[in-house]
Number of protein chains: 2
Amino acid sequence: MGLFLSTIINKVDRKGRVSVPAQFRSTLAGQSFSGIVLYRSFTLPCIEGCGMDYMQRLSDSTQELAAFSPEHEELSSLIFADSRPLPWDPEGRILVPEDLLAHANITETAAFVGKGQTFQIWEPGAHTALLADIRNRAQKSPPTLRLSPAPRPGPSNGGAP
Amino acid sequence: MGLFLSTIINKVDRKGRVSVPAQFRSTLAGQSFSGIVLYRSFTLPCIEGCGMDYMQRLSDSTQELAAFSPEHEELSSLIFADSRPLPWDPEGRILVPEDLLAHANITETAAFVGKGQTFQIWEPGAHTALLADIRNRAQKSPPTLRLSPAPRPGPSNGGAP
DNA sequence: GGATAGGATGGGATACCATGGGATAGCATG
DNA sequence: CATGCTATCCCATGGTATCCCATCCTATCC
């Protein structure tokens with residue numbers, strides 16, 4: 001499965017339609033549902049996005065964990081209640097619901113921001129500001145990124161040629 | 001199998017009929033029973049809903065777990081006793097029994113709330129209030145949603161053979 | 001530099017969905 | 001057996017989302 005990478009800014013037309021970046025669409029190619037799933041971020045003025053398979057995984061893990069964590073249960077049901085499956089049209093566009101646009105203060109343009117397994121949709125200005133802020137703080141106290149070990153036992157063509 | 005996602009608010013007409021959201025209907029497409037199963041929530045002022053297949057699964061797991069968990073046994077028999085299968089009409093509407101509406105304080109409009117494998121039906125105001133509360137708490141203590149690892153193509157599943 | 005393909009955008013036409021109300025069939029009751 | 005009530009079907013309507021087609025832009029290749 002591919003990853004959502006980079007930031008792409010597209011227009012919101014007067015009907016509320018937005019083109020999902022071709023790059024993102026190809027990341028989701030082959031999934032059962034031809035479209036994306038959107039829900040409002042809990043903590044940020046942006047829209048969270050993912051594919052249906054991701055939602056399915058969320059559902060599966062919820063089933064398992066419900067017994068151990070009521071909060072987890074609560075939280076995931078919040079997501080399910082708030083998330084909209086949005087199929088794209090033949091041109092690769094989706095119709096973004098009004099309240100989602102409002103939550104992220106999106107009017108003219110929308111920034112699709114890759115987050116790896118998922119992505120976010122921002123009002124471009126707001127996202128730029130956030131990035132600048134993060135970058136600023138990172139400069140003062142350099143962060144450390146820790147990778148989990150690569151699950152790569154031999155045979156795959158991972159060796160450097 | 002599809003998931004129940006998002007929240008859709010529909011009207012209850014003077015005959016007590018409500019349209020089951022087309023989205024939910026298509027989630028249930030292909031099941032033997034053309035309709036939904038409703039029962040009163042034990043803990044909340046809302047109606048629990050699911051497809052007939054889900055009831056079947058509930059029954060199956062009850063058979064298996066009965067020996068280990070008497071509570072599960074009791075709980076599911078409560079559900080079965082209270083459940084009503086409600087077929088939808090050619091337009092996709094169901095006739096919701098009076099006592100269910102009363103239990104959820106539903107009069108004019110009903111909110112169909114996706115919960116993944118199942119869904120709930122709420123009086124829209126009551127549900128909004130509950131969600132706001134959950135969202136509030138989620139905002140204060142940043143939620144950590146932990147997914148079970150993605151079904152990664154390769155050696156990952158099942159540990160080291 | 002020019003041609004080309006894929007992607008993004010705009011707008012009109014159409015099908016689908018939620019809703020309302022009348023007509024009809026099924027059921028229980030007296 | 002008659003009567004009244006309820007549930008189901010059928011048709012009509014308004015609004016919206018979806019499709020389809022045309023245009024434009026940009027990155028790419030020759």
Side-chain angles (χ1 to χ4, degrees), chain A residues 2 4-29 33-38 47 49 52 83-102 106-114 119 121-124, chain B residues 2 4-30 33-38 47 49 83-102 106-114 119 121-124:
Chain A
F4 298 105
L5 297 178
S6 82
T7 299
I8 295 104
I9 297 178
N10 282 340
K11 273 196 180 178
V12 181
D13 71 15
R14 95 181 48 174
K15 290 183 181 177
R17 293 179 299 186
V18 193
S19 282
V20 177
Q23 197 180 333
F24 283 28
R25 269 180 280 150
S26 71
T27 295
L28 296 171
F33 175 68
S34 291
I36 61 180
V37 178
L38 298 184
I47 305 171
M52 186 59 86
S83 61
R84 274 77 150 202
L86 302 173
W88 51 58
D89 66 19
E91 283 76 41
R93 288 177 291 194
I94 56 167
L95 187 68
V96 185
E98 286 289 342
D99 57 327
L100 295 191
L101 292 178
I106 294 174
T107 54
E108 306 278 309
T109 56
F112 287 77
V113 182
F119 60 93
I121 304 177
W122 285 78
E123 194 287 312
Chain B
F4 296 103
L5 296 179
S6 84
T7 299
I8 295 105
I9 297 178
N10 282 340
K11 278 193 179 179
V12 181
D13 70 15
R14 91 182 52 173
K15 293 181 182 177
R17 293 179 300 184
V18 194
S19 282
V20 177
Q23 201 177 15
F24 282 28
R25 270 180 279 150
S26 72
T27 295
L28 295 170
F33 174 68
S34 290
I36 61 181
V37 178
L38 297 184
I47 306 171
S83 295
R84 295 132 210 220
L86 302 173
W88 51 60
D89 67 18
E91 283 77 39
R93 288 177 290 196
I94 56 168
L95 188 67
V96 185
E98 286 292 342
D99 58 327
L100 295 192
L101 291 179
I106 294 173
T107 55
E108 305 277 309
T109 56
F112 287 77
V113 181
F119 61 92
I121 305 177
W122 285 77
E123 194 287 311

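So that the names make sense, note that chain A is the first sequence line, chain B the second, and so on, each numbered from 1.
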Checklist outcome for this item: Per-nucleotide protein contact along nucleotides 17-26 of chain C, 5' to 3', at a 4.0 Å heavy-atom cut-off (B base, S sugar-phosphate only, - neither), is SSBBBBB---
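Nearest heavy atoms, A/Val20 versus A/Phe112: CA-CZ, 4.2 Å. For the residue pair B/Pro87 and B/Pro85, the shortest heavy atom distance occurs at CD-O, 3.6 Å. Between A/Ile8 and A/Phe24, the shortest heavy-atom contact is CD1-CE1, 3.8 Å. Nearest heavy-atom pair across A/Ile9 and A/Pro124 is CD1-CB, 3.9 Å.
Counting to the nearest Å, the C1' atom of C/dG10 and the CG atom of A/Asp89 are 12 Å from each other. A/Arg84 has its CZ atom 12 Å from the P atom of D/dA17, to the nearest Å. Atom CH2 of A/Trp88 is separated from atom P of D/dC19 by 13 Å (rounded to the nearest Å).
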Next on the checklist: Run B/Asp13 and B/Arg93 through side-chain contact (heavy atoms from CB on, under 4.5 Å) and show every step you take.
Outcome noted: CA-CA 10 Å; B/Asp13 70 15; B/Arg93 288 177 290 196; 4.2 Å; yes
